[in-house]
A.B. asks: 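Below is one structure. I have some questions about it.
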Amino acid sequence: MTTYPNPAPVQRVSVVSTGEVMIRPEHRAATRTPMYWWLATSRRWTEPLPINVYVIEHRDGLVLFDTGQDRASVTDPAYFPGGPVGLIYKRLARFEIASHQTLTARLAAIGYDIRDVTTAVISHLHQDHIGGLRELTHAEIVVSRREWETLGERAPEQKGLLRSHIQIPGLRWKHVDPRPLTDPALAPFTSGHDLFGDGSMVLLPTPGHTPGSLSMLVRGPHHPPLLMVGDVTYDSALLEAGHVPGVGERKRLTDTTALINEMRRRDPGLTVLAAHDPGAASALAAATRGTRLAEAAHA
């Protein structure tokens with residue numbers, strides 16, 4: 001059992017959205033149709049989905065889980081690659097990002113200065129999770145070593161990795177590897193990375209959407225556990241039903257989904273928070289209602 005000092009390390013958890021994205025229905029929930037076929041032929045889009053950034057006030061600093069989408073992606077015609085690769089990006093997603101939806105502006109709206117951020121954990125390196133990096137040159141950026149290695153593999157831009165928007169001069173990257181963990185409360189996960197060494201924020205390997213995807217478990221004595229999963233799913237209910245997204249390696253996504261569902265079975269209070277789940281903000285509010293986190297959020 002994990003014990004925490006008094007006061008508890010996690011003081012407040014919030015969510016902000018850096019705009020909206022529309023994706024293909026086959027992207028949100030996989031079908032039998034191969035990805036490049038539905039990407040080329042689908043005529044439908046989902047409703048606008050949030051681009052969530054989770055904000056955790058820890059006693060050792062302000063932590064972000066993901067950094068959202070860069071507004072330059074909708075204002076700068078040169079943001080995306082050209083040619084056939086650029087066409088993939090156009091077919092994959094549509095973004096709407098207003099001037100007040102930058103990471104700096106969204107943090108200010110809930111009472112934080114961007115300079116308050118000490119650490120940003122990146123679930124994976126796709127464009128809609130690294131968009132705030134240019135605003136975070138003062139912070140430490142945490143990513144899994146396996147995810148970072150994908151930047152050096154063949155044709156990263158075709159896999160959603162825009163190196164010019166990731167390998168930004170002045171950023172302080174920290175590459176982490178999962179290590180064996182013996183905390184039974186993390187079962188069925190057996191490895192991870194304890195971000196602060198106090199058990200309050202544990203990074204878990206959840207590959208599938210990308211090879212090095214991370215989730216982050218936020219725990220404390222005064223609130224139920226919160227599992228931020230990036231793009232392991234686009235909807236907590238879909239994940240609970242065993243459905244996986246249409247982008248990624250399906251076998252690994254299925255295995256990761258089973259692990260998370262087993263963790264939720266062991267702890268029914270676990271709240272799963274995805275990057276693009278329209279219900280995530282309400283789920284977070286419900287999970288923390290009546291707790292000290294809720295009191296802090298309304299202070």
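Owing to the predicted nature of the structure, the values given are computational and were not obtained by experimental measurement. Start at 1 with the first residue, then count along the sequence.
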A.B. asks: I'd like to know if the side chain of Gln158 reaches the main chain of Ala155, judged simply by a donor and an acceptor atom lying under 3.5 Å from each other, with no hydrogens or angles considered.
C.D. replies: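 Side chain of Gln158 to backbone of Ala155, a donor-acceptor pair under 3.5 Å: no, none is there.
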A.B. asks: Could you state the interatomic distance from NE2 (His276) to CD1 (Ile23), rounded to the nearest 0.5 Å?
C.D. replies: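 The distance works out to 7.0 Å.
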A.B. asks: Do you know the tightest heavy-atom contact between Thr119 and Ala139?
C.D. replies: N-CB, 4.3 Å
A.B. asks: Which label fits His27 and Tyr234: parallel for a plane angle under 30°, tilted from 30 to 60°, or perpendicular past 60°?
C.D. replies: perpendicular
A.B. asks: Please output the side-chain donor-acceptor pairs of residues 81-93 that fall under 3.5 Å, not counting sequence neighbours, one pair per line with the distance.
C.D. replies:
unit_1 : atom_1 : unit_2 : atom_2 : d
Tyr89  : OH     : Glu157 : O      : 2.5
Arg91  : NE     : Leu39  : O      : 2.8
Arg91  : NH2    : Leu39  : O      : 3.0
Arg91  : NH2    : Ala40  : O      : 3.3
Arg91  : NH2    : Ser42  : O      : 2.7

A.B. asks: Of all the heavy-atom pairs spanning Ser144 and Gly212, show the shortest one and how long it is.
C.D. replies: OG-O, 2.7 Å
A.B. asks: Cut-off 3.5 Å, no hydrogens considered: what does the side-chain donor-acceptor table look like for residues 30-37, sequence neighbours left out?
C.D. replies:
unit_1 : atom_1 : unit_2 : atom_2 : d
Thr31  : OG1    : Thr33  : N      : 3.2

A.B. asks: Identify the residue among Asp183, Asp194, Asp267, Asp198 that makes a salt bridge (charged side-chain N to carboxylate O under 4.0 Å, His left out) with Arg219.
C.D. replies: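 Exactly one pass, corresponding to Asp183.
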A.B. asks: With sequence neighbours excluded, tell me which residues meet side chain to side chain donor-acceptor pair (under 3.5 Å) with Arg266.
C.D. replies: Glu262
A.B. asks: What about Leu125 and Val121, same hydrophobic cluster or not, with Ile/Leu/Val/Met/Phe/Trp/Tyr joined at side-chain heavy-atom distances under 4.5 Å?
C.D. replies: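 No, no single cluster joins them.
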A.B. asks: If I take atom CG from residue Leu136 and atom OG1 from residue Thr104, how far apart are they, to the nearest 0.5 angstrom?
C.D. replies: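 Separation between the atoms: 7.5 Å.
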A.B. asks: Among all residues two or more places apart in sequence or in another chain, which pass the side chain to side chain donor-acceptor pair (under 3.5 Å) test with Asp113?
C.D. replies: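 With neighbours one apart ignored, the set is Arg115.
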A.B. asks: Taking the side chain as every heavy atom from C-beta outward, state whether Val55 and Val15 have any pair of such atoms under 4.5 Å apart.
C.D. replies: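 Val55 does not reach Val15 side chain to side chain.
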A.B. asks: Measure the shortest side-chain to side-chain distance between Val16 and Asn52 over non-hydrogen atoms and say whether it is less than 4.5 angstrom.
C.D. replies: no
A.B. asks: Is His223 close to Val218 at the side-chain level, that is, under 4.5 Å between some pair of heavy atoms?
C.D. replies: yes
A.B. asks: Looking at OG1 of Thr271 and CE of Met228, how far apart are the two atoms once the value is rounded to the nearest 0.5 Å?
C.D. replies: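 If we round to the nearest 0.5 Å, Thr271:OG1 and Met228:CE are 10.0 Å apart.
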A.B. asks: Taking all atoms of both residues into account, what is the closest heavy-atom pair of Arg106 and Ser17, and its distance?
C.D. replies: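 The pair with the smallest heavy-atom distance is NE-O, 3.2 Å.
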A.B. asks: Which heavy atom of Asp231 sits nearest to which heavy atom of Pro245, and what is that distance?
C.D. replies: O-CG, 3.7 Å
A.B. asks: Hey, quick one: are Leu64 and Val176 part of the same hydrophobic cluster, counting side-chain heavy atoms closer than 4.5 Å, chains of contacts allowed?
C.D. replies: no
A.B. asks: Of all the heavy-atom pairs spanning Thr150 and Pro156, show the shortest one and how long it is.
C.D. replies: O-CB, 4.1 Å
A.B. asks: With heavy-atom distances below 4.5 Å as the criterion, would you say the side chains of Leu49 and Pro278 are in contact?
C.D. replies: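 Yes - at least one pair of side-chain heavy atoms lies under 4.5 Å apart.
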A.B. asks: Just do the side chain to side chain contact (heavy atoms under 4.5 Å, CB included) check on Gln167 and Trp148 with the steps written out, would you?
C.D. replies: CA-CA 10 Å; Gln167 296 172 314; Trp148 187 260; 4.0 Å; yes
A.B. asks: In terms of side-chain geometry, is the basic nitrogen of Glu153 or Lys159 positioned less than 4.0 Å from the acidic oxygen of its partner?
C.D. replies: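 So Glu153 pairs with Lys159 through a salt bridge.
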A.B. asks: Rounded at 0.5 Å granularity, tell me how far CG in Leu162 sits from OH in Tyr79.
C.D. replies: 6.0 Å
A.B. asks: Within the 3.5 Å criterion, strictly below it, is a donor on Glu147 or Thr210 matched to an acceptor on the partner's side chain?
C.D. replies: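 Yes, side-chain donor-acceptor contact under 3.5 Å.
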A.B. asks: Could I get the full list of side chain to side chain donor-acceptor pair (under 3.5 Å) partners for Asp177, not counting sequence neighbours?
C.D. replies: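 Per chain and number, Asp177 pairs via side chain to side chain donor-acceptor pair (under 3.5 Å) with Arg145.
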A.B. asks: Please check if any side-chain donor atom of Asp235 sits under 3.5 Å from a side-chain acceptor atom of Thr233, or the reverse.
C.D. replies: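 No - no donor-acceptor pair under 3.5 Å links their side chains.
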A.B. asks: Please find the pair of heavy atoms, one from Leu133 and one from His165, that lie closest to each other, and give the distance.
C.D. replies: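 For Leu133 versus His165, the nearest heavy atoms are CD1-O, 4.0 Å.
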A.B. asks: Between Trp45 and Arg94, is the side chain to side chain contact (heavy atoms under 4.5 Å, CB included) condition met? List the steps.
C.D. replies: CA-CA 9 Å; Trp45 295 96; Arg94 289 179 174 176; 3.1 Å; yes
A.B. asks: Hydrogens and angles aside, do Ser200 and His58 bring a side-chain donor and acceptor to less than 3.5 Å of each other?
C.D. replies: yes
A.B. asks: Can you list the residues that meet the ring-ring contact (aromatic ring centres under 6.0 Å, His included) rule with His138, with sequence neighbours excluded?
C.D. replies: none
A.B. asks: Please list, chain by chain and in numerical order, all residues satisfying side chain to side chain donor-acceptor pair (under 3.5 Å) with Asn261, sequence neighbours excluded.
C.D. replies: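 Arg264.
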A.B. asks: Other than Leu253, which residues form its hydrophobic cluster under the rule that side-chain heavy atoms must be closer than 4.5 Å?
C.D. replies: Val244
A.B. asks: Give me the one residue out of Thr102, Leu107, Leu62 that meets side-chain contact (heavy atoms from CB on, under 4.5 Å) with Ile114.
C.D. replies: Leu107
A.B. asks: Enumerate the residue pairs fulfilling side-chain hydrogen bond (donor to acceptor under 3.5 Å, both in side chains) with a member in residues 62-77, sequence neighbours excluded, ordered by first and then second residue.
C.D. replies: Asp66-Ser123, Asp66-His129, Gln69-Ser73, Gln69-Gln127
A.B. asks: Rounded to the nearest 0.5 Å, what separates atom CD in Glu140 from atom OG1 in Thr118?
C.D. replies: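 It comes to 8.5 Å.
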A.B. asks: Among pairs that include at least one residue of residues 239-258, which meet side-chain hydrogen bond (donor to acceptor under 3.5 Å, both in side chains), considering only residues two or more places apart or in two chains?
C.D. replies: Lys251-Asp255
A.B. asks: Please round to the nearest 0.5 Å and tell me the distance separating atom CD1 of Ile51 and atom CG of Leu103.
C.D. replies: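 The CD1 atom of Ile51 sits 12.0 Å away from the CG atom of Leu103.
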A.B. asks: According to salt bridge (Lys or Arg N to Asp or Glu O under 4.0 Å), does anything in residues 119-135 pair up with another residue at least two apart or in another chain? List the pairs.
C.D. replies: none
A.B. asks: Other hydrophobic cluster members with Leu227, side-chain heavy atoms of Ile/Leu/Val/Met/Phe/Trp/Tyr under 4.5 Å, chained?
C.D. replies: Leu181, Leu186, Phe189, Val202, Leu204, Leu217, Val229, Val232, Leu239, Leu259, Ile260, Met263, Leu270, Val272
A.B. asks: Is the terminal nitrogen or CZ of Arg24 (NZ for Lys, CZ for Arg) located under 6.0 angstrom from the six-membered ring centre of Trp38 and within 45° of that ring's axis?
C.D. replies: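 Cation-pi check for Arg24 and Trp38: fails.
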